[in-house]
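Just so you know, residue 1 is the first one in the sequence shown, and it goes up from there.
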Amino acid sequence: MLGHNGFIVKRVSSGEAALASLDESLPDLVVSDYHLPGMNGGQMARQFRMNAHTRSIPVLMLTEDVAPGLEREGLESGADAYISKSAHPDLLVLRIRALLREGSDLIQAEEAGRFRRARIVIVTSPTENEDEDDEWRENTGWERDAQGASLGELLWRDGHTVTTVSGSGELIQGGWLGGDEGPDCLVLDLTSRNTDGVDFCRRLDARRQDVLEAGGVPFRILGIIGAERFRRHSAADLFDAGLDDLVPGDITPDVLALRIRVMVRRKLAQDEMRQQEIKRQVREVALQTAQSEARAIAAKATMAEALAQANAELADANARLLETQAKLVQTAKMASLGELVAGIAHEINNPLAFTLAHEETVARTLHKLAEAPDLDANRRSDLLSKCTTRIGSMRLGLQRIQNLVLSLRRFSRLDESAFQDVDVVEALDTALALLAHKFGREIVVERHLAAPRMFVCQPALLHQVVMNIVSNAADAIHERAEKNGEEPGQLQGRIVIETALLQLECGARYVISVADDGPGIPADIRARVFEPFFTTKPVGMGTGLGLAIAYGIIEAHSGSIDIEDANLKGGRGVGARFILSIPVRLTPTGPVTIGRTS
């Protein structure tokens, strides 16, 4: 029968044989009995859907009786349509042609999650006599299931967008049937006696052809007719009028939802194929544009040599500039170390002096114990306790010296140009330890560190930039105290160091701010403080390179540095606040290593 209708048919006797025959050629459509020897038709359809080369081939399933449970299983396994063997041959042929009309060479992207939500429109029949329609529909079951859920609710649960409209001339004439926002599937209620289903389908099919001619993907049409008419096989004219699928009115909503899902799956696949074709054309245009640009560049070959020479000279000049910059950075660093030597020597000398003094006391006490073995127990215990106390003080002094030496080693590290995980708290401890001689008892340093402890940056960001800014803040406070005649040894000012991790639209930013209550920086010179060799300190007190190098280090981090008035609460001056904002760099483990804050 299929051969007489113009189809080339190949027959095999089992699902295994059908899968084996795919090595020879791929069919345009598969018609399969559900009950097969070995694997059944549903298992075979599932194997088709699991293969990338065969998943787009439509499968029409045949069975002796279209039982709801059996139909649901077949559709869920991957079959595209389900029809009884007792159906009229003409209806079977029309059903096959409707499947082939949808297209068999589709890009199936459902498993990759690229499908959008399907737009489904349920078209109800316009009625003139409600009593007659209620009597006509009393045996239908597609509107609500046993739990009272409507078809629209079931489709909505599947993730589809569902709209219900009344079948009328406005539906046919409406421009919303086409375009990118048109429906993917129309579900037509043809159960009413007042509806001329054939004429209605022909008019909808004409609108669908307009969509196809405009370059779009036409929507699918599924019809619902009375159960008795469906069983009489008197609906062949509906398929001929353009219907893609047909179900009886007593179909359950869950099975109907499965049939609709199969239809929209293939329609959305065609949409995906269309989008891929548009992208391919865009890429082709881009390729042609690139080729044209390449030919234009080739036409300017005479300029290429001069350009290469200019680039070489520029690269050489840039290399010399980088070398000079590195020397300036090292010079400024050594200048900072030289400035710190006197203070660090004082810091080391104090614990060293009392360590030596305690050492003499311990030596004399031990000598007394050795020379007077007959001392009473209480006297001997007092002398030993004195030795223990002095040794503990010596240990504290030596630990303080050890910490200062360790801070110097951290500060003088040579790998400051490499980005790495830096412990912000440890780096600040190092900087403050090296500047302790500048603070003395006159300056209080407060720390409010709300950002993560670990941060990916160059160590120079904290060892040089922050240390330089804190040192300048201490100098500014001393300058203000000296100008105001404040007594040495008394509290003169505060320095506040804060960190925060901000989530902005442009990405995460690690912010470090250093504020003081010194005299502040006038607004008219704030733009100049980062110029090389510009300084507000007296002659001989500064090189003018510290903030210029700090600015260069911040630029290397793609960050920014801003200055504003501090106005600390309870402060003794306007003060200045330096705000460093640095983008968080990505690492294999994340943007920052989150640790405890301090």
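Screening V445, V424, I469 for a side chain to side chain contact (heavy atoms under 4.5 Å, CB included) with I497, the sole residue that qualifies is V445.
Note that CD1 of I443 and CZ of R441 are 14.5 Å apart. Values are rounded to the nearest 0.5 Å. Atom OG1 in T289 sits 10.5 Å away from atom CD in E284 (nearest 0.5 Å). A distance of 7.0 Å separates OG of S581 from CG of L502, quoted to the nearest 0.5 Å. Here the OG atom belonging to S560 is positioned 9.0 Å from the OH atom belonging to Y551, to the nearest 0.5 angstrom. Here S292 contributes atom OG and L287 contributes atom CG; the two are 9.5 Å apart, rounded to the nearest 0.5 Å. Rounded to the nearest 0.5 Å, atoms CD1 (I512) and CD1 (I561) are 10.5 Å apart.
The minimum heavy-atom distance between L435 and M467, with the atom names listed, is CD1-O, 3.8 Å. Looking at every heavy atom in both residues, I495 comes nearest to V470 through CD1-O, 4.0 Å. When all heavy atoms of P519 and A476 are compared, the closest pair comes out as CD-O, 3.3 Å. Here the closest heavy-atom approach between residue I553 and residue Q458 is recorded as CG2-OE1, 4.4 Å. The minimum heavy-atom distance linking P583 with F455 is given by the pair O-CZ, 4.2 Å. Listed here is the closest heavy atom pair of A451 and T499: N-OG1, 3.3 Å.
The pair R577-E498 meets the salt-bridge criterion, with a side-chain N (NZ, NE, NH1 or NH2) lying under 4.0 Å from an Asp/Glu carboxylate O.
Under the 30°/60° scheme for interplanar angles, the aromatic rings of F530 and F578 are found to stand perpendicular.
Qualifying side-chain hydrogen bond (donor to acceptor under 3.5 Å, both in side chains) partners for E277, counting only residues two or more places apart in sequence or in other chains: R280, Q281. Checked against side-chain hydrogen bond (donor to acceptor under 3.5 Å, both in side chains), H478 has the following partners two or more places apart in sequence or in another chain: Q492.
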Legend entry - Stepwise side-chain contact (heavy atoms from CB on, under 4.5 Å) test for L580 and I554: CA-CA 8 Å; L580 315 179; I554 292 295; 4.2 Å; yes

Inset, instruction - Report the C-alpha distance between D429 and R447 in whole Å, list the side-chain angles of each, state the deciding distance to 0.1 Å, and finish with yes or no for side-chain contact (heavy atoms from CB on, under 4.5 Å). - result: CA-CA 10 Å; D429 288 341; R447 298 190 300 177; 2.7 Å; yes

Inset, instruction - Check the pair V529 / I521 against side-chain contact (heavy atoms from CB on, under 4.5 Å), numbers first and verdict last. - result: CA-CA 9 Å; V529 296; I521 301 177; 4.2 Å; yes

Inset, instruction - Just do the salt bridge (charged side-chain N to carboxylate O under 4.0 Å, His left out) check on R572 and E486 with the steps written out, would you? - result: CA-CA 11 Å; R572 304 188 179 190; E486 299 178 20; 3.5 Å; yes

Inset, instruction - For the pair I260 and V264, evaluate side-chain contact (heavy atoms from CB on, under 4.5 Å) and give the outcome as yes or no after the intermediate values. - result: CA-CA 6 Å; I260 295 172; V264 299; 4.2 Å; yes

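Residues K386 and T361 bring no donor and acceptor atom of their side chains to less than 3.5 Å of each other. Residues N468 and N472 bring a donor and an acceptor atom of their side chains to less than 3.5 Å of each other.
The closest side-chain heavy-atom distance from V584 to V456 is not below 4.5 Å. E564 places a side-chain heavy atom less than 4.5 Å from the side chain of I579. Using a 4.5 Å heavy-atom cutoff, the side chains of C457 and Y510 are not in contact. No side-chain heavy atom of N318 sits less than 4.5 Å from a side-chain heavy atom of L314. Side-chain contact between D475 and K438 is present, with heavy atoms from C-beta onward closer than 4.5 Å. Between Q47 and Q43 the shortest side-chain heavy-atom distance does not fall below 4.5 Å.
In terms of modelled atom types and a separation under 3.5 Å, the side chain of T54 and the main chain of F48 share a donor-acceptor contact. For the pair D376 (side chain) and N378 (backbone), a donor-acceptor distance under 3.5 Å is present. In this structure a side-chain-to-backbone donor-acceptor pair under 3.5 Å is missing from R320 to A315.
Heavy-atom contacts from other residues, nucleotides or ligands closer than 6.0 Å to CZ of R379 number 12 or fewer.
Evaluation of the salt bridge (charged side-chain N to carboxylate O under 4.0 Å, His left out) test over residues 499-525, restricted to residues two or more places apart or in two chains, returns R480-D517.
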